[in-house]
Amino acid sequence: MALTTTDPLDAALVKADFPLLARTVHGKPIVYLDSAATSQKPTVVLDAMQHYYETINANVHRGVYAIAEEATNALEAARGTTRRFVNARSDAEIVFTKNATEALNLVVQSWGRTNLSEGDVVVLSHMEHHANIVPWQMLQAEKGIEIRWIPLDPEGRLDLTDLDRLLDGAKVLAVTAMSNVLGTFNPVRRLTDAARTAGAISVIDGCQSVPHSATDVQELGADFLAFSAHKLCGPTGIGVLYGREELLDAMPPFLGGGEMIRDVTLDGFTTNDLPWKFEAGTPPIAEAIGLGAAIDYLSSLGMDRVRAHEKAITTYAFDTLTDRFGDDLRIHGPQNADERGGVLSFAFKDLHPHDISQVLDQHAVCVRAGHHCAKPLMKILGVGATARASVYVYNDTSDIDALADALDATGDFFAF
Ligand SMILES: Cc1ncc(COP(=O)(O)O)c(C=O)c1O
């Protein structure tokens, strides 16, 4: 990429880095607008993973032969890249998991089961993904903890009017940094400050924010932050849990088996150092290498430019869809691109989201339809499902135009 750091992103150049985006669907060029579910992967990520399998495939932290050491070095280099990407203080604070869901479950099962008992309070919000609800509900069933909920204002922001009261006596505040349905960016620093003042730890779901904006865990003041590689140009099969070292250090292991042990006897075991204490079994080696390559790729674009690009496309989408469809199309969440990321959940006429999605597919436009793993939020919005278009570094205004044209055709198709 021959871009300087101050140029806006050239989405056409970026698109050329993603082989899948060259394909056609139903005879038409694909328009991929489902990056909130998973992003496409650039060639550099695919090459890095293939290079591992072709040249240094060996298990890590065990062999003393050359390729085993190279594989170990590559895995640990990816951890360092991830640490710098979120500005953690040390590699010990970066735990590789299967995905963000497992990272959140790790916090609940390890920190939560150790530190919470009957009546202890965990504060969540109405816009959480199931991955940040169900693990806490499982603990509620086991231990009888109390869950309190931060409500939303009419525009789909967190309503923080009663935050101090909700946090009074709480042990945990667990919230998303950005809603995967409403697009809302939450004021994470304000939330982590309030949690700390109340004596609670903060758990931040960074699944939707980390791929789309610069992240500094120290500036955010987060105790834990979870995210998945597959939403940030990386492979499936690997997620990240950032945790403050003092907290991780005091926590018991989550899963047992190789890699997480220091010693095992017939009488018991002792645990490995951080972060391996939380990485039982053979880790996702190729996936970690792919994650490192994905982060290098995004860093070469510049996360501030990624955010600026998505903000511009989101603004264009709001203007285009409003101009063309007026009251027939309603986008959920804040109406101002400053307050939100490029996730556009919408209602169109009185059509069912699955019908919309199916007709859009005939025009090669890929959007998600459903509850987006946020059923409590769907209920609060008073809908069973939404259609959702979401943008990333490789989308440009032509993709939004294609969405609008396909929506026009959808309206015609169902006009009878
Ligand atoms: C906000 C949010 N949290 C958590 C998750 C779960 O991510 P994963 O399925 O990669 O574990 C998602 C995925 O859609 C998400 O959008």
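Just so you know, ligand 1 is whichever comes first in the structure, and atom 1 is the first atom listed for that ligand.
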To the nearest 0.1 Å, how far is atom 15 (C) of ligand 1 from its closest protein heavy atom, and which atom is that? His129 CD2, 3.3 Å
What protein heavy atom sits nearest atom 7 (O) of ligand 1, and how far off is it? Cys207 SG, 3.6 Å
The single option from His354, His130, His129 passing ring-ring contact (aromatic ring centres under 6.0 Å, His included) against His371: His130
Consider ligand 1: state whether an atom of it lies below 4.0 angstrom from any non-hydrogen atom of His230. yes
Run down the list Asn180, Leu104, Asp205 and name the one with the heavy atom closest to atom 4 (C) of ligand 1. Asp205
By side-chain contact (heavy atoms from CB on, under 4.5 Å), which residues pair with Thr320, not counting sequence neighbours? Tyr316, Arg324, Ile400, Asp401, Ala404
Mind checking whether Tyr394 and Tyr392 have parallel, tilted or perpendicular rings, split at 30° and 60°? perpendicular
Ionic contact status for Arg262 with Asp273, cut-off 4.0 Å: yes
May I ask you to check whether Phe348 and Phe325 place their ring centres under 6.0 Å from each other? yes
So, 4.0 Å and heavy atoms of Lys231: is ligand 1 close enough to count as a contact? yes
Can you list the atoms of ligand 1 that are under 4.0 Å from a heavy atom of Thr101? 6 (C), 7 (O), 8 (P), 9 (O), 11 (O)
Contacts satisfying salt bridge (Lys or Arg N to Asp or Glu O under 4.0 Å) that involve residues 104-113 (not counting sequence neighbours) are Arg113-Glu142
Here the atoms of ligand 1 under 4.0 Å from any heavy atom belonging to Ser228 are 7 (O), 8 (P), 10 (O), 11 (O)
Ligand-residue contact atoms, ligand 1 with Gln208, heavy atoms, under 4.0 Å: 1 (C), 15 (C), 16 (O)
